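Here the structure is laid out as structure tokens; the discussion comes afterwards.
All figures in this text were calculated on a predicted structure; none of them were measured in a lab. Both counts, for ligands and for their atoms, begin at 1 and track the order of listing.
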Amino acid sequence: MRIAVVAVQGAFREHELRLESLGVEWCELRQKRDLDQVYDALILPGGESTVQGKLLRELDMFDALKEQIQNKMPVLATCAGLILLADQLSNDERSYFRTLPVCVKRNAYGRQLGSFRTCEKFGELGNVPMTFIRAPYIERVAADANILAQVDSHIVAVQYQNQLALSFHPELDADLNIYKYFMDMIT
Ligand code: GLN
């Protein structure tokens with residue numbers, strides 16, 4: 001198994017280190033020709049969604065990535081990555097891949113409370129640590145999307161078909177359960 005980490009901006013290195021802890025092979029997608037590599041799944045890291053969206057378009061990677069996601073390649077998206085997948089943003093005119101049938105609010109916790117840590121139930125996995133950094137949350141999901149975690153009654157993790165999207169940053173915690181969950185989606 002080989003996982004491609006989109007590496008144009010943001011916290012991609014932390015994901016790579018987590019994959020290494022699991023002994024999973026990875027490669028980086030930094031420019032268009034990197035898309036010719038052979039890989040089984042994608043990671044869209046946290047960072048700044050506006051910058052990532054702009055760079056992916058400028059680097060001419062956007063359409064090919066969207067097509068891979070639409071063709072059911074498993075994708076793990078964290079924070080800004082969730083914003084890139086969302087069908088709609090409630091507080092921003094922009095939209096990106098629009099492959100995930102959810103409505104997301106950017107910077108939803110405001111400036112002061114934008115960053116915090118907690119530990120909450122995640123699907124069948126029990127409690128997992130969750131680190132939020134200027135995080136979005138999910139305001140609405142389509143009926144066929146599976147809500148995996150909520151914090152203070154806001155949705156922070158959802159799975160829809162091949163897409164696993166999180167408001168928080170599993171790459172910043174030692175707990176590997178969410179990565180293992182994603183590996184199960186791939187195999
Ligand atoms: N606030 C960022 C955005 O809107 C996301 C923050 C993050 O990825 N940690 O793109």
Within reach of ligand 1, part of R106 (heavy-atom separation under 4.0 Å): side chain
Which of the atoms of ligand 1 are close to I83, meaning less than 4.0 Å from one of its heavy atoms? 3 (C), 4 (O), 10 (O)
Looking at F62, does the NZ or CZ of R57 lie under 6.0 angstrom from its six-membered ring centre and within 45 degrees of the ring axis? yes
Polar contact flag for G47 and ligand 1 (N/O pairs, less than 3.5 Å): yes
Ranked by distance from atom 1 (N) of ligand 1, the top protein heavy atom is N107 OD1, 2.7 Å
For E14, is there an ion pair with R18 - N to carboxylate O distance below 4.0 angstrom? no
Provide the number and element of each atom of ligand 1 under 4.0 Å from a heavy atom of S49. 3 (C), 4 (O), 10 (O)
Please tell me whether Q163 and T99 have a donor and an acceptor in their side chains that are separated by less than 3.5 angstrom. yes
Distance from atom 7 (C) of ligand 1 to nearest protein heavy atom, with residue and atom: C79 SG, 2.8 Å
Tell me whether H169 has any N or O atom under 3.5 angstrom from an N or O of ligand 1. yes
Under 3.5 Å between any N/O of G46 and any N/O of ligand 1: does that happen in this structure? no
Atom CG in L19, atom SG in C27: separation rounded to 0.5 Å? 10.0 Å
Is it true that D60 and K32 have a side-chain N and a carboxylate O under 4.0 angstrom from each other? yes
Quick one: are the ring centres of Y137 and F132 less than 6.0 Å apart? no
